[in-house]
Participant: 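The structure that follows is given in the form of structure tokens.
Note that the structure is a prediction, hence the values are computed from the model and not measured. Computed from heavy atoms alone, side chains included, the values below leave out hydrogens, waters and symmetry copies. To find a chain, count down the sequence lines: A is the first, B the second, and so on, and within it residues start at 1.
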Protein chains: 2
Amino acid sequence: MGMNYSLLFVLLRAGAHERYVRLSTAELASRLEVSQQTSSRWLIQAQKEGWAERGLNGLRLTQKSLTELRLLCETLQASFESRKKTSIKGEVISGLKDGRYYVPLPEYKRQFKEKLGLSPYPGTLNIRIQDMEAKLILADRKGVTINGFSHQGRVLGEIKCFPCLIQKKIKGFVILPSRSHYGLDVLEVISKTNLRKALRLKDGDKVEISVSLE
Amino acid sequence: MGMNYSLLFVLLRAGAHERYVRLSTAELASRLEVSQQTSSRWLIQAQKEGWAERGLNGLRLTQKSLTELRLLCETLQASFESRKKTSIKGEVISGLKDGRYYVPLPEYKRQFKEKLGLSPYPGTLNIRIQDMEAKLILADRKGVTINGFSHQGRVLGEIKCFPCLIQKKIKGFVILPSRSHYGLDVLEVISKTNLRKALRLKDGDKVEISVSLE
DNA sequence: ATTACTAAAAGCCGAGTAG
DNA sequence: TCTACTCGGCTTTTAGTAA
């Protein structure tokens with residue numbers, strides 16, 4: 001029989017981790033949104049299994065409960081405070097050259113300058129990545145959003161950007177266009193400079209992108 | 001229908017808060033310690049209620065789940081990081097005078113000096129407290145431990161100490177001897193000075209002890 | 001391999017109520 | 001007041017199994 005999380009959380013909120021608290025089974029029931037009978041039964045069970053104890057002054061959580069809850073707290077914290085940075089590896093590919101079209105569009109350019117402080121080189125460096133999940137992690141994060149717009153009857157979608165360092169040398173941004181022509185295995189990077197030239201990259205070269213998830 | 005905590009915690013531990021994770025219902029079942037059929041049913045339910053979603057790449061937690069879990073995380077953190085100080089009130093009593101025997105023992109004295117920076121007055125101030133729960137709170141905390149030892153065939157137990165301020169004036173330590181002769185209603189305090197003299201205390205006088213729980 | 005349905009058994013819930 | 005028992009009804013579980 002596992003622990004009754006709802007009960008433990010209610011007891012914790014009542015302060016039963018540091019002192020005996022006086023809580024009638026009826027009061028407990030209302031906080032748990034169950035009947036008085038059920039809260040009474042749950043409490044008896046929790047006592048039997050060593051999660052809670054009752055004394056003259058009321059209820060309190062046992063050391064066993066506290067250990068368990070503290071562990072849970074750490075698990076939760078670890079999950080939520082997880083990675084602020086990630087490193088993505090892949091190799092340079094040629095791609096469709098469409099970055100050369102959309103990156104220099106005035107509306108995108110204006111927003112790149114305003115939101116990223118970047119006057120981008122007109123084009124993207126395309127990287128085929130090994131770990132596709134990495135792109136999914138980015139897709140989930142907030143990043144900086146460049147708004148979409150219409151241009152000459154064409155709809156240009158929004159772009160999500162993440163600051164990054166290419167080969168640990170040059171600053172740039174990983175961009176995730178909402179209407180990308182690439183799949184999950186290709187990452188697009190923009191920078192002030194022509195990355196291929198500056199880093200002497202050619203198709204097939206291995207590159208490392210250190211991305212800040214902020 | 002409330003959320004299924006066990007399921008959410010297992011999914012969180014699997015990393016489903018930041019990406020799709022591939023987990024068969026059988027694998028999930030073994031982690032949840034339920035049958036495959038039950039894990040399948042729970043998952044369907046969680047999906048229906050908007051706690052989890054399934055894509056081609058596996059399972060992941062929804063925003064709704066993350067919001068809920070983050071809130072829970074904060075509750076837990078708040079509970080565990082709670083009070084760093086507490087105030088205990090009571091009145092001076094005479095006690096058994098046994099502090100006069102054990103406080104000055106060289107081994108205890110050495111540790112008091114080393115661990116607390118204290119050369120204690122040979123004796124304890126005994127206080128009958130109104131709120132017995134306060135002592136239980138202390139017993140639960142770590143404090144500073146003075147190790148036990150043997151002396152002339154007698155076993156002297158370990159002592160847990162908490163820095164305190166008596167009457168908001170004089171520094172000292174609340175001590176909790178593991179083999180105390182007192183019950184939960186009596187607190188023993190040591191200090192560099194003779195507290196009775198310095199604060200002009202006599203039996204029955206009200207005192208306030210501000211304890212640092214660290 | 002996998003998921004999820006059926007159906008019977010097991011377990012849980014809460015109204016009623018005793019102490 | 002309060003807690004916790006009984007017991008009929010309802011829900012959840014899991015073995016078996018189909019897809």
Participant: For the pair made of CG in B:Leu7 and P in D:dT12, what is the distance, rounded to whole Å?
Facilitator: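 B:Leu7 atom CG is separated from D:dT12 atom P by 15 Å.
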Participant: Anything under 3.5 Å between a donor and an acceptor, one on a side chain of residues 174-181 of chain A, the other on a protein residue two or more places apart or in another chain? List them.
Facilitator:
from: A:Ser178; atom 1: OG; to: A:Glu158; atom 2: N; distance (Å): 3.3
from: A:Ser178; atom 1: OG; to: A:Glu158; atom 2: O; distance (Å): 3.1
from: A:Ser180; atom 1: OG; to: A:Tyr182; atom 2: N; distance (Å): 2.9
from: A:His181; atom 1: ND1; to: A:Asp98; atom 2: OD2; distance (Å): 2.7

Participant: Let me have a per-nucleotide readout for nucleotides 13-19 of chain D, 5' to 3', with B, S or -, counting only protein heavy atoms under 4.0 Å.
Facilitator: BBBB---
Participant: Any chance the rings of A:Tyr5 and B:Phe9 have centres within less than 6.0 Å?
Facilitator: yes
Participant: If you compare all heavy atoms of A:Gly55 against all heavy atoms of A:Tyr20, which two are closest, and at what distance to 0.1 Å?
Facilitator: N-CE2, 3.7 Å
Participant: Please report, rounded to the nearest Å, how far the P atom of C:dA1 is from the CZ atom of B:Arg22.
Facilitator: 18 Å
Participant: For D:dT3, does OP1 or OP2 lie under 4.0 Å from any side-chain N or O of A:Ser40?
Facilitator: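 A:Ser40 to D:dT3 OP1/OP2: no side-chain N or O under 4.0 Å.
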Participant: Go through the steps to decide whether A:Leu195 and A:Tyr121 satisfy the test side-chain contact (heavy atoms from CB on, under 4.5 Å), and finish with yes or no.
Facilitator: CA-CA 9 Å; A:Leu195 291 166; A:Tyr121 169 84; over 6 Å; no
Participant: Considering residues at least two apart in sequence or located in another chain, which fulfil the side chain to side chain donor-acceptor pair (under 3.5 Å) criterion with A:Ser150?
Facilitator: none
Participant: Could you check how far CG of A:Leu43 sits from C1' of D:dC2, rounded to whole Å?
Facilitator: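 Atom-to-atom, A:Leu43 to D:dC2, this comes out as 13 Å.
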Participant: Between the side chains of B:Glu53 and B:Thr62, does any donor sit under 3.5 Å from an acceptor?
Facilitator: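 The criterion, which ignores hydrogens and geometry beyond distance, is not satisfied for B:Thr62 and B:Glu53.
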Participant: Determine to 10° how strongly the helix from C:dT2-D:dA19 to C:dG19-D:dC2 is bent, judged from the axes of its five-pair ends.
Facilitator: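 Here the helix ends are tilted 40° relative to one another.
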Participant: Could you check how far CG of A:Leu28 sits from P of C:dC13, rounded to whole Å?
Facilitator: 13 Å
Participant: Find the distance B:Leu59:CG to C:dT2:P and express it as a whole number of Å.
Facilitator: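 Those two atoms, CG and P, are 14 Å apart.
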Participant: Not counting sequence neighbours, which residues clear salt bridge (charged side-chain N to carboxylate O under 4.0 Å, His left out) with A:Arg128? List them please.
Facilitator: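 Expected list: A:Asp185.
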Participant: How would you label the contact of B:Arg54 with the nucleic acid (heavy atoms, under 4.0 Å): base, sugar-phosphate, or nothing?
Facilitator: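 Answer is sugar-phosphate: B:Arg54 comes under 4.0 Å of backbone atoms only.
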Participant: What pairs meet the salt bridge (Lys or Arg N to Asp or Glu O under 4.0 Å) rule with one or both residues in residues 20-30 of chain A, with sequence neighbours excluded?
Facilitator: A:Glu27-A:Arg31
